[in-house]
Amino acid sequence: MTDIDNKYADGFPFSREGEDFKQGLSLMREVLGEESSEHIESLLDNPLFGDELGYVFSKTWGALYEREGLTLKERSLILMGTDLALGREGPLKDHMKVALHAGMKPKQIIEVLFQTVFYLGAPAMVLGLKVANEVLGPEIKEMLEQKEQQNSNQ
């Protein structure tokens, strides 16, 4: 890496050599999987906006998630509330996955959605439930199977 590359490694213009980017990419791969990571990385090659997107990605998934003061679970709670308030379905899906990765249970995520109904309105909660159904599908199926098994044992 040259002195110029090193100078900008964690700033703007964006560099894939920056620590923030590497941390963010690692976390995203853990949480969202390889396919999402490859999609984001392909967008970074765009000559029109690749550096800007890379910078934002590095600072959110990398630097921001690594800050002290809040746990990953607490950050996911804040972000889910923000996503619901702004009606952002895609980020809500990602932040629910972050919440699961951070140890939240599906019931807790549903409680987060219910908590918002009085502050954001029923449409926000319905959006959240739609997204939760997609994200939590496997967990919901497992919960239903456990409930069925409990009922059959009685």
Side-chain angles (χ1 to χ4, degrees), residues 10 14-46 49-154:
D10 283 326
F14 160 72
S15 168
R16 291 180 193 221
E17 298 303 315
E19 191 61 31
D20 292 343
F21 177 75
K22 291 176 183 176
Q23 288 173 337
L25 195 58
S26 175
L27 177 62
M28 187 176 67
R29 283 182 176 150
E30 283 178 42
V31 173
L32 303 181
E34 202 63 36
E35 188 176 324
S36 291
S37 299
E38 288 173 3
H39 175 70
I40 291 290
E41 286 186 273
S42 72
L43 294 173
L44 302 179
D45 293 330
N46 186 300
F49 59 76
D51 280 348
E52 287 78 6
L53 183 61
Y55 178 79
V56 170
F57 173 83
S58 293
K59 296 309 173 193
T60 55
W61 279 88
L64 198 54
Y65 277 127
E66 291 294 321
R67 287 178 51 86
E68 293 181 16
L70 294 175
T71 65
L72 191 57
K73 186 186 292 187
E74 292 165 335
R75 290 179 194 284
S76 67
L77 287 168
I78 293 165
L79 293 169
M80 284 189 293
T82 303
D83 295 334
L84 283 168
L86 297 173
R88 295 182 175 159
E89 187 173 335
L92 178 59
K93 189 180 293 187
D94 290 348
H95 295 137
M96 281 185 186
K97 290 177 182 178
V98 171
L100 289 170
H101 176 78
M104 286 190 75
K105 304 290 183 225
K107 284 283 221 187
Q108 291 175 306
I109 290 174
I110 299 304
E111 187 61 27
V112 168
L113 302 176
F114 184 70
Q115 178 74 29
T116 66
V117 75
F118 298 103
Y119 299 95
L120 301 176
M125 185 178 140
V126 170
L127 170 68
L129 291 173
K130 175 186 176 272
V131 172
N133 197 46
E134 291 174 34
V135 173
L136 304 175
E139 284 83 359
I140 292 170
K141 184 178 179 184
E142 186 178 313
M143 290 168 72
L144 289 171
E145 289 170 358
Q146 287 174 355
K147 192 172 189 176
E148 253 181 47
Q149 181 138 5
Q150 288 173 347
N151 289 340
S152 66
N153 288 339
Q154 293 177 355

**Student:** Donor-acceptor pair, R75 side chain versus R67 backbone, under 3.5 Å?
**Tutor:**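 Judged by distance alone, yes, a pair lies under 3.5 Å.
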**Student:** Give the minimum heavy-atom separation between I109 and A99, together with the two atoms involved.
**Tutor:**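 Closest approach of I109 to A99, heavy atoms only: CD1-CB, 4.0 Å.
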**Student:** Enumerate, atom names and distances included, each donor-acceptor pair closer than 3.5 Å involving a side-chain atom of residues 21-36, sequence neighbours excluded.
**Tutor:**
unit_1	atom_1	unit_2	atom_2	d
R29	NE	E34	OE2	3.4
R29	NH2	E41	OE1	2.9
E30	OE1	H101	NE2	3.3

**Student:** Once rounded to the nearest 0.5 Å, what's the spacing between atom OG1 of T116 and atom CG of L84?
**Tutor:** 5.0 Å
**Student:** Taking all atoms of both residues into account, what is the closest heavy-atom pair of L100 and M104, and its distance?
**Tutor:** CD2-O, 3.5 Å
**Student:** In Å, rounded to the nearest 0.5 Å, how long is the span from CE of M96 to OG of S76?
**Tutor:** 10.5 Å
**Student:** So how far is it from L44 CG to S42 OG, rounded to the nearest 0.5 Å?
**Tutor:** 7.5 Å
**Student:** Residues two or more places apart in sequence or in another chain: which of them pass side chain to side chain contact (heavy atoms under 4.5 Å, CB included) with I110?
**Tutor:** L113, L129, A132, L136
**Student:** Can you tell me how far CG of D20 sits from NZ of K59, rounded to the nearest 0.5 angstrom?
**Tutor:**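 Between K59 NZ and D20 CG, I get 3.5 Å after rounding to 0.5 Å.
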**Student:** Rounded to the nearest 0.5 Å, what separation is found between the CH2 atom of W61 and the CD1 atom of I40?
**Tutor:**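 CD1 of I40 is found 8.5 Å from CH2 of W61.
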**Student:** Are L79 and Y65 packed together at the side-chain level, in the sense that at least one heavy-atom pair is separated by less than 4.5 angstrom?
**Tutor:**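 In short, these two side chains touch, coming nearer than 4.5 Å.
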**Student:** Between V117 and M125, what is the shortest heavy-atom contact and its length?
**Tutor:** CB-SD, 3.7 Å
**Student:** Any side-chain hydrogen bond (donor to acceptor under 3.5 Å, both in side chains) pairs touching residues 82-92, not counting sequence neighbours?
**Tutor:** D83-H95, E89-K130
**Student:** Quick one: pull up CD in E66 and CG in L72 and give me the separation to the nearest 0.5 Å.
**Tutor:** 9.0 Å
**Student:** Angle class for the F114/F118 ring planes (parallel below 30°, perpendicular above 60°, tilted otherwise)?
**Tutor:** perpendicular
